Structure formats: structure tokens, C-alpha cells
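So the structure is just underneath, and the comments pick up after that.
Being a predicted model, the structure only gives us computed values, none of them experimental.
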There are 2 protein chains.
Amino acid sequence: MLHALLHMAERERPMTSDELAVCLSTNPVVVRRTMAGLREAGLVASGRGHGGGWTLARPLEDLTMRDIYAALGEPMLFQMGNVSESPGCLVEQAVNHALDDAFRDAEAMLIARLGEVTLAALADDFKRRFAEHRARLKPHG
Amino acid sequence: MLHALLHMAERERPMTSDELAVCLSTNPVVVRRTMAGLREAGLVASGRGHGGGWTLARPLEDLTMRDIYAALGEPMLFQMGNVSESPGCLVEQAVNHALDDAFRDAEAMLIARLGEVTLAALADDFKRRFAEHRARLKPHG
DNA sequence: TCTTCATGTAATAATAATAGTTACGAATCT
DNA sequence: AGATTCGTAACTATTATTATTACATGAAGA
């Protein structure tokens, strides 16, 4: 998704799902499905018909990785998802009790960090790396 | 696995893979596969033939959840596994650069917490919950 | 209005990862 | 020898994710 948004930021006109699918080497329908979540969160807008496609709804400076995380439904950050669920099993309840705070703290910390990274900063860093990359390939150009 | 170890701690004799499989409602071969990792880490021992089975190699007081985490091969704690991989993709490299420290810190924090929880403490907590559970079911017994 | 282009979405298929099963060899005890 | 139990390879089943197909809906332009 980050790929998609950075690509979109560098274009004037909307990008179609087909174009994005090529960039991400995936399928247009998959693009639409995922972008739908971002649209509902107000991060992007979609237009139908001739000249339609996807556009950023906000400038990159106003978008953080946390926004995207939230827009994608705040998916579990940890593999041990069921640790915090607490079903009937008493052993799991004991484990939960021992680790709940740790997971909560770790999650809060990560989400705070996501909020500190704007897509504009990512785009800048990407451009710098891209320039380096080209310089390495063609040092005498 | 924690279920298995707590069960084993409450028995004098070794537990067979078949017995453990019933406790965990899974398959004996799956039990053997997973316990093999714990054995290689020195947490449990296995014996073959008549009277064989699985035994704890250390007392519960000396076992922490961190030991088990290490014995299982230190599996990724986070869903975003590839964030720290850094393949050719420059966008991912930029993301990695922005978040690597955050993930490292969060992981270190979680692992430290795992190291604070002994299986003995888990067992105690489990027993307390179990007693409560029985009292709730049969308050006048 | 009619055609073309693009998203919206449901239904289905393909793929990959995980878990379970079968089968048999090797080791151990009675 | 015979019963028991782990060790392990090969295979199957299940589940979750991703990809594809198909068609409906809406928007721009001739």
C-alpha cells in the first residue's frame, strides 16, 4: 500500500487500479479491495468512469503510517494474537495475565512510532536512496 | 506447549506423546515434532521404549517463557516480518530505516518480560484460577 | 443516447502455510 | 521375543491468503 500511495503522490492525474496493480505486481481487484479501506478512512478518493481512478485525499505531509494502520483495520501487530483473547482455558488465562501489560505497552509504543513517520518523510528517504542507487549503477554518467 | 509442560510437572512418571496429544487435543507426531525443539534446548528429556516418554529436564522454577521462546527457534513476534529484511525494494528500505529501532526496542522489551515469567509462577496462577473455578461451579460442596 | 472506461462486489479458484496422518525404523524394558 | 515408545520421512487435509472471473454500476465523451 505504501508503494501505491507514493506512486500516486508523484502523479497529477488519478491512477487506475490496473496501473497500480502493475506497480505492485498484483491484481486490480486486490487493489480495489485494499484501497476501499483507505477510502473509507478518508485517505484516498476514487472516481469512476472515464478519467477515474485513485487520488490522494490529503497531502503526504498529513499522512502518517499510523493513519494507514488505522485505515487497514488496525490489524494485530503480534503473531501471538490469541494471547489477549481469554477463552475458557485457564492456562491461557494465566499466560494472558502475565503478559497482557507487556503486549499492551509494546503495541502502544509501536503505534506511537508509526504516528511519527509521515509519508512525506518516507518519500524523501526513498528519493535519496533512489538517487544513490542510480549513482552506483552509472557512476560516470 | 505450556499446557504440556505444566501437565508434565504434575506427574512423577514420564508422559507419552499419546497422552500429551490427548491433553492438547492434537496428534502424537505433532507433539514429538514440537517437543524435539525443547529437548534440543535441554528443557525436556525423552526416553524410548517401555516406560519411556517425556520428562522435564529442569524444575519449573528454572524455566521461563523466554527459555521456551528460544527453544522454539525465536519465532518472529511481529506480523510484519519482512519489515526488517531489506530486500532490493527501496520503499521497504525506507520503511525499515524508519521503523527498525522501534521494532527492535519492542522486541527486546517483550523478550525481557518473557524472561520474568517462570513456569512455576504460571503453574501457581493456574492452580489459583482452577480452585476459583471449582468454587464457582460448586459453591456449597 | 450510446459507447467506453473505470470502480464495486460477489463468487470462485489457486496458492501457500500449517496441522494432521500414516507408516515404519530404532531403541528400551520385561 | 514381544510390547512399548520415540524418531522421522512422506503424504494428506485444512485453513488463510491471494488471485481471478464475471457482471453490475456509475461517469465522461462522441
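- Taking atom CG on N27(B) and atom C1' on dG7(D), their separation rounds to 14 Å, with Å as the unit.
- We find that CZ of R33(A) is positioned 9 Å from P of dT18(D), with the value rounded to whole Å.
- Ranked by how close their nearest DNA chain C nucleotide is to the 5' end, M15(A) and G49(B) are led by M15(A).
- The side chain of H50(B) lies closest to dT28(C), out of dT21(C), dT28(C), dT7(C).
- In this structure, E40(B) atom CD and dC6(D) atom P are separated by 16 Å, rounded to whole Å.
- Salt bridge present: R11(B) and E19(B) bring a charged side-chain N and a carboxylate O closer than 4.0 Å.
- In this structure, the CG atom of L38(A) is 12 Å from the P atom of dG8(C), given to the nearest Å.
- A salt bridge between D124(B) and R128(B) is absent, with no side-chain N of the basic residue lying under 4.0 Å from a carboxylate O of the acidic one.
- Nearest to the side-chain atoms of R48(A) among the listed nucleotides dT21(D), dG25(C), dT25(D) stands dT25(D).
- Counting only heavy atoms from C-beta on, W54(A) has its side chain closest to dG8(C) among dG8(C), dA28(D), dA10(C).
- Put simply, CZ on R39(A) is 13 Å from C1' on dA6(C), counting in whole angstrom units.
- Between T16(B) and dT5(D), a side-chain N or O to OP1/OP2 separation shorter than 4.0 Å is absent.
- In this structure, CZ of R13(A) is placed 15 Å from P of dA28(D), rounded to the nearest angstrom.
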Go through it in stages, so that I can follow the logic: the residues are R66(A) and V117(A), the test is side chain to side chain contact (heavy atoms under 4.5 Å, CB included), and I'd like the CA-CA distance, side-chain angles, deciding distance and then a yes or no.
CA-CA 8 Å; R66(A) 177 171 182 170; V117(A) 183; over 6 Å; no
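- Across all strands shown, G51(A) has no heavy atoms under 4.0 Å from either base or sugar-phosphate atoms.
- Residue T26(A) is the one, among T26(A) and R32(A), whose nearest nucleotide of DNA chain D lies closer to the 5' end (criterion: closest heavy atom).
- With respect to D105(A) and R113(B), a salt bridge is recorded, a charged nitrogen being found less than 4.0 Å from a carboxylate O.
- Distance M35(A) CE to dT9(C) P: 15 Å, rounded to the nearest Å.
- Distance, L24(A) CG to dT20(D) P: 13 Å, rounded to whole Å.
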Could you walk me through whether L20(A) and M35(A) pass side chain to side chain contact (heavy atoms under 4.5 Å, CB included), step by step?
CA-CA 10 Å; L20(A) 285 171; M35(A) 296 290 279; 4.3 Å; yes
